[in-house]
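Every chain is numbered from 1 and lettered A, B, ... according to where its sequence line falls, protein lines coming before strand lines.
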Amino acid sequence: MKEFNAGDVLSLCKRRGFIYPAYEIYGGIAGLYDYGPLGTQMKTNLINLWRSIYVLSEGFIEIDSDIIGPEIVFKASGHAENFQDLMVTCNQCQESFRADHLAKDLHPNPGALSKKDLQALLREKNVICPLCKGDLSDVEEFNLMFKTKIGPGNGRVGYLRPETAQGIFVNYPNLYRYAREQLPFGAVQIGRAYRNEISPRQGVIRLREFNQMEAELFIDPANKSWPRFKLIRDVKVRLVPNTDEKEVEMTFGEAVDNGVIKHETIAYFVWVTQSFLIRAGVDPKRLRFRQHLRSEMAHYAADCWDAEALLSYGWTEIVGVADRGAWDLTRHIQYSQADLSAFKRFDHPKEVERQAFKPKYGLLGPEFKARSAKVGMALEAADVSLLKDGRVEIDVDGEMMTIPEKYFDVVLVKEKINGEKVIPHVIEPSHGLDRIMFTCLEHAYSCDDENYVRMGLTTAAAPIKVGVFPLMAKDDLDKRAMEIDQMLRERGIATYFDDSGTIGRRYARMDEVGTPLCITVDYQVFEDGTVTIRDRDTSRQVRVPEEGLADVVEKLLKGIKFDQLIGKV
RNA sequence: GCAGGUGUAAUCUAGUGGUCAGGAUUUUAGCCUUCCAAGCUAAUUACCCGGGUUCGAAUCCCGGCACCUGCACCA
């Protein structure tokens, strides 16, 4: 086994059609990559695997929302604020600073200043580099969202989404209704997102246009247990808690019992993530879950665990599982005025007695004419504590009105309360598809001393499942192999037919792109109707009757071990 | 964005201010070949882009772009 680095893997990816640098004939653009034929197929395979877990097994609903969104969505989400930092750089030591942080003592609210004003303020007060006392650059805007205009002329300001999650949050009322108004329910979205990164690096690890698979699970804030958690209590996981930042292995049950992971729901989806990644082809020995440090956790997050894979770049975040609390929905409630709550029905309705205003509609009518109904409704909704000096001040359609007590009585009312409105909390497993894909490729890559490259992709991820070869392209062997190839493709199995050059070269070609199985039709087929199936990882072969071949192949692809098969055939 | 390094074919690379560049792998066609990158013959493909210096630049200089490393950024 030879040492290798990400460059070797990227070379192979380009050579064999997994990943190409985008716009290469024009010199390329940093942070943009295209998927080639094999890459696209593999990406589709990973998506289908993920979808089968979230949509089929866990019952999430899937949507596909717009990439372009109006400015207000990203004001609500916080991205407009957090993506547009004003920065200055020290001309001497090259350190970068948030411009508003440097102006903290010079202005009551520097965060609210425009770029121009902040620039003027810093210049006027002769602010210099706090580290080395060097001169500072002009104030520069770092806008990490791609801005665009919606419509002709001045249009409306729009942005390309920096994450797919917001499309789910803004559809919350529709999805809540679709889920028949019951918690918990979850929604997923798979799609592209855009961040105008300052410095894209490390191949496809930091991209300006990337693919996300995000799930948003809406749960009752008062109940973060998870029924299916008991099924996975005894599964082990490697954790790096933020308390001492040391890696420990424990079961999910222990992690929750000891408070390492905050609650069952987060823990369960860390498990879902772990099992997905391993089935996708991430090496379990190079996978761990690291808890965000307090300082790196978003202020609204209750807990957050990143799946990290060990790549030649170092430990790299590939999935984040966060408890975002009620933050997103609360923000969208503020900005949109929409009702993004869930109605939590009590097991037994509560009888409540309370004091309330009872409007005298007979008097309200002549006095307030057309507005009397609205005044009455406002009175009914108002709290009796507002009553002062024989009058009450209430808000009617945004206008404050003073209503003397001759227009109402104060009475004791009995109310039956069936439940309460709550803003659901959100558990978000967010997957960087491109990073996961690259991790699968790098973890699958092996190269021996003879420079023989073998990609140990899992059967789920492999873009080609079976290579089909005639031992020689003559004597009807090729015809026979072609029939097998077509039969397998009709069964929905992705094959690759190859009759060129020597058989060894064809095996090598398939090994290099991670094809798990190869079928070779040799002369024995004319004697007993059998062909050989070759296992990529061991190069071993078994003879299998042509009849029933597809069933055997399907079993192998589903995970039956090659060894078990040898006994069976 | 800053600093340093790099840029020759699909991939890995040799090379020099002076015959429009050599090798290996790959690919394609043919010969050969009864199971793991065999051999033979032939073919296709490259000096990142733009400007400058020079009689002459792939080579030296400047600018751009891309990649690598470090810094910064990473909601």
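Among the protein residues, Ser77(A) comes within range of no part of the nucleic acid, since none of its heavy atoms lies under 4.0 Å from any strand. Residue contacts shown for Val531(A) are absent, as no nucleic acid heavy atom lies under 4.0 Å away.
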Could you walk me through whether Tyr445(A) and Asp8(A) pass the side chain to side chain donor-acceptor pair (under 3.5 Å) test, one step at a time? CA-CA 9 Å; Tyr445(A) 185 93; Asp8(A) 298 327; 5.0 Å; no
Stepwise, does the side-chain contact (heavy atoms from CB on, under 4.5 Å) test hold for Asp34(A) with Ile19(A)? CA-CA 6 Å; Asp34(A) 295 337; Ile19(A) 298 166; over 6 Å; no
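Checked against side chain to side chain contact (heavy atoms under 4.5 Å, CB included), Ser312(A) has the following partners two or more places apart in sequence or in another chain: Ala6(A), Glu442(A). In this view, Arg206(A) and Glu197(A) satisfy the side chain to side chain contact (heavy atoms under 4.5 Å, CB included) rule, not counting sequence neighbours. In this structure Glu512(A) satisfies the salt bridge (charged side-chain N to carboxylate O under 4.0 Å, His left out) test together with Arg15(A), Arg16(A), sequence neighbours excluded. Residues meeting the side-chain hydrogen bond (donor to acceptor under 3.5 Å, both in side chains) test with Thr530(A), sequence neighbours left out: Asp528(A), Arg543(A). Taking the side chain to side chain contact (heavy atoms under 4.5 Å, CB included) definition, one finds that Thr243(A) meets it with Pro241(A), sequence neighbours left out. For Asp328(A), the side-chain hydrogen bond (donor to acceptor under 3.5 Å, both in side chains) partners at least two apart in sequence or on another chain are Arg324(A). By the salt bridge (charged side-chain N to carboxylate O under 4.0 Å, His left out) test, Arg201(A) is found to be paired with no residue, residues two or more places apart in sequence or in another chain being considered. Residues passing the side chain to side chain contact (heavy atoms under 4.5 Å, CB included) test with Ala494(A), sequence neighbours excluded: Lys465(A).
Pairing for A57(B) is absent, judged as Watson-Crick or G-U wobble with the two contacts each under 3.5 Å. Nucleotide A43(B): paired with U27(B) (Watson-Crick or G-U wobble, both distances less than 3.5 Å). With a cut-off of 3.5 Å on both Watson-Crick or G-U wobble distances, the partner of C67(B) is given as G5(B).
Taking atom P in both C68(B) and C61(B), the straight-line distance is 24 Å, to the nearest Å. C48(B) and A21(B) are spaced 15 Å apart, taking the P atom of each and rounding to whole Å. Comparing the same atom, C1', in U25(B) and in U45(B) gives a spacing of 14 Å after rounding to whole Å. Spacing between C60(B) and G17(B) at atom C1', rounded to whole Å, works out to 8 Å. Using atom P as the reference point in both U16(B) and A58(B), the two lie 16 Å apart (nearest Å). Only the C1' atoms considered, C71(B) is 31 Å distant from C12(B), to the nearest whole Å. Separation of the C1' atoms belonging to U27(B) and A9(B) is 12 Å when rounded to the nearest angstrom. A distance of about 44 Å separates the P atoms of U41(B) and G5(B), rounded to the whole Å.
Here the nucleotide nearest the side chain of Ser539(A), chosen from C12(B), C36(B), A75(B), is C36(B).
Remark: aromatic rings of Tyr159(A) and Tyr194(A) are distant, center separation not under 6.0 Å. Here His292(A) and Trp305(A) keep their ring centres 6.0 angstrom or further from each other.
With Thr164(A) as the fixed residue, the side chain to side chain donor-acceptor pair (under 3.5 Å) test singles out one of Gln189(A), Glu214(A), Arg192(A): Glu214(A).
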Please list, for nucleotides 40-45 of chain B, all pairs of protein and nucleotide N/O atoms separated by less than 3.5 Å.
none

Please tabulate, one pair per line, each protein N/O and nucleotide N/O from nucleotides 26-28 of chain B that are separated by under 3.5 Å, including the distance.
{"unit_1": "U26(B)", "atom_1": "OP1", "unit_2": "Arg505(A)", "atom_2": "NH1", "d": "2.7"}
{"unit_1": "U26(B)", "atom_1": "OP1", "unit_2": "Arg505(A)", "atom_2": "NH2", "d": "3.2"}
{"unit_1": "U27(B)", "atom_1": "OP1", "unit_2": "Arg509(A)", "atom_2": "NE", "d": "2.7"}
{"unit_1": "U27(B)", "atom_1": "OP1", "unit_2": "Arg509(A)", "atom_2": "NH2", "d": "2.6"}
{"unit_1": "U27(B)", "atom_1": "OP2", "unit_2": "Arg505(A)", "atom_2": "NH1", "d": "3.1"}

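For residues 465-481 of chain A, proximity to RNA chain B is found at Leu471(A), Met472(A), defined as any non-hydrogen atom under 4.0 angstrom from a strand atom.
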Under a 4.0 Å heavy-atom criterion, the protein footprint on nucleotides 61-70 of chain B, written with B, S and -, is ----SSSSBB
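With a 6.0 Å cutoff to the six-membered ring centre and a 45° limit on the axis angle, Arg288(A) counts as a cation-pi contact of Trp315(A).
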